[in-house]
Amino acid sequence: MPSMKPARTRFAPSPTGALHCGVVRTALYAWLLAKQSGGQFLLRIEDTDQKREVVGGLENIKETLRWLGLNWDEGPDVGGPYAPYVQSERLAIYKKYAQELLDKGQAYADPYSIEELEALRDKAKAEKRPFLFRDHRPENPPVWDGSQPLRIKLEPKAWSWQDGVMGEVKLGPEMIDDFIIIKADGFPTYNFCHIIDDHLMQITHVTRSQEFISSIPKFLATHEVLGWESPVNLTMPQVMDETGRAKLSKRKGAKPVLDYRDRGFLPEAMLDFMATIGWNDGTEQESFTVDELIQKFSLERVHRSGGIFNEQRLLWLNGLHIRRLSLDDLYGRAASFWPPEASKHDDAYKKSVLALVQERLKYLAELPALTTFFFDDLPINPSLWQDNKQLKKYDAAQLKVWLEQSRASLAESDFSTDDLTRRLNDLLEQTGQKPGVLFSLIRIATTQAPASPGLAETLAVLGKDIALRRVDAMLHQLA
RNA sequence: GGCCCCUUCGUCUAGUGGUCCAGGACGUCAGGUUCUCAUCCUGAAGAUCGCGGGUUCGACUCCCGCAGGGGUCACCA
């Protein structure tokens, strides 16, 4: 376990849509860093682009993190020493620093219209040279009245830095330009305000997704101009979609994390899955609890290459975590996933059903498909025995004989699993049949389902009345 | 196009010069666990370690080049 000074990390999403696994994985790594070092994890909302803001975006962020258990020590709702933690409520702070830069001659008003800028950019493109705003710095910038964008004046300079994940990265002076720090609408840009906030909020490690890596020189230069030390930059590899051809993004159809909750994925499985796209502990351990992640996670073992979001593996991990749960725990989590028919039944019954399907569930939304026959009689489906590879060799009269024999024995049973098992075995001898034939017949008769848990266990849970009633219905059908 | 990052079985990966004609896991296939589904167990197929040079007695591991993929070049974050 890496010992380090308490790290203050943050997750700083913008409320522009539902959180997906790509961005949440970056949040998870930041959270793990804070937890394992005894530091703090902050949530900060970067809502400086009013146009892109989405209704419910903030709620989705909070709900996603809460569901996953990525609790924030400071941030919206919980407050903290550096409140507010919503950027739209911190405008005065950014303006203050912008004014300071302006006063020092480190910032200037941008006199160009959007159209003029575009023309300059097009021209540069046509001439196949990079567009740099600094080549067009106005000689006598207008007095900044807040209606023009304000640009920071940055001297071109090559930067190299030690990235906590990527190692040493070097980028040339062409990556630095006079970027806008305050937009014409009065809001600051991400490039500017996140630096101020990270500094004021004493963030020690900044996790960012890979698309920001070429912006880091700008961030470094801005720190320098402000006279601040940069926090440690941690650039995380990308999470790619199933095609492997693009990073996970909302536009490309990445599913919201909460969709997985709604399908009955477990938060600990999601965390396990996300953590292990791009990180492993170097042993052959394939699955981790949250505590193990906190203990074992290390930056040194985070990959630099991107990883594909493989839902197949998530499914496997989720099944694994479901099986690890105690029955009571699972029962609590499954509450909203039962089929409607189950509402007529009591907790004890539902729990005994759940015990039988626990090892069969990959996700909780499968519950109805696996259990409906426990709660209500399914319509009799002749194809179940007519197409069954063991049973289709026999005619209805023969099946009826065996089923009647079975009914007679079951009628004597106390329906304990032990007694049922014994009787079922006796019936094999009496009828001279293989389990493949007789058990299939009884299973189909009593469930009318294409699949079910073990026969004796299933019968024991169903109970005598229901089991015999269904056998009778099937016998009637075979007549 | 410039710049940056990446490149081991389909996928997630182990691997930091010899123990690797490459190990594990998911997935797939086959068999076993008194029926089905699932679990569990066993086994199989699956990677000439992107390509080409070099360094070295020896390279997946080091160096160079190339190719491919991803990212980025906004009054978006």
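A, B, ... follow the sequence lines: proteins, then strands. Residue 1 opens every chain.
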When all nucleic acid strands are considered with a 4.0 Å heavy-atom cut-off, which category describes [X]: base, sugar-phosphate, or nothing?
| X | value |
| --- | --- |
| A:Thr48 | sugar-phosphate |
| A:Lys362 | sugar-phosphate |
| A:Arg313 | sugar-phosphate |
| A:Tyr112 | base |

In whole Å, what is the span from the [atom1] atom of [X] to the [atom2] atom of [N]?
| X | N | atom1 | atom2 | value |
| --- | --- | --- | --- | --- |
| A:Phe212 | B:C76 | CZ | P | 13 Å |
| A:Asn191 | B:C75 | CG | P | 10 Å |
| A:Ile176 | B:C3 | CD1 | P | 17 Å |
| A:Arg208 | B:C76 | CZ | C1' | 15 Å |

Would you measure the distance from the [atom1] atom in [N] across to the matching atom in [M] and give it in whole Å?
| N | M | atom1 | answer |
| --- | --- | --- | --- |
| B:C62 | B:C49 | P | 15 Å |
| B:G43 | B:U61 | P | 31 Å |
| B:U48 | B:U42 | C1' | 29 Å |
| B:G2 | B:C66 | P | 11 Å |
| B:C6 | B:C12 | C1' | 16 Å |

(message) Whether the A:Tyr260 and A:Asn318 side chains hold a donor-acceptor pair (N or O, under 3.5 Å, no angle test) is what I'd like checked.
(response) no
(message) Would A:Glu59 and A:Lys62 count as a salt bridge (charged side-chain N to carboxylate O under 4.0 Å, His left out) here? Give the steps.
(response) CA-CA 5 Å; A:Glu59 261 325 297; A:Lys62 295 194 287 191; 3.5 Å; yes
For the side chain of [X], starting at C-beta, report the closest nucleotide among [options].
| X | options | result |
| --- | --- | --- |
| A:Asp49 | B:G23, B:G71, B:C76 | B:C76 |
| A:Met240 | B:C26, B:A14, B:G70 | B:G70 |
| A:Ile308 | B:U13, B:C40, B:U11 | B:U11 |
| A:Lys183 | B:G2, B:C75, B:G71 | B:C75 |
| A:Lys247 | B:A77, B:G71, B:C75 | B:G71 |

(message) Could you check whether A:Tyr394 and A:Trp402 have their ring centres less than 6.0 Å apart?
(response) yes
(message) On RNA chain B, does the nearest nucleotide to A:Ile277 precede the nearest nucleotide to A:Glu46 from the 5' side, or the other way round? Give the residue.
(response) A:Ile277
(message) Can you build the contact string for nucleotides 29-36 of chain B? Use B for base contact, S for sugar-phosphate-only contact, and - for no protein heavy atom under 4.0 Å.
(response) -----BBB
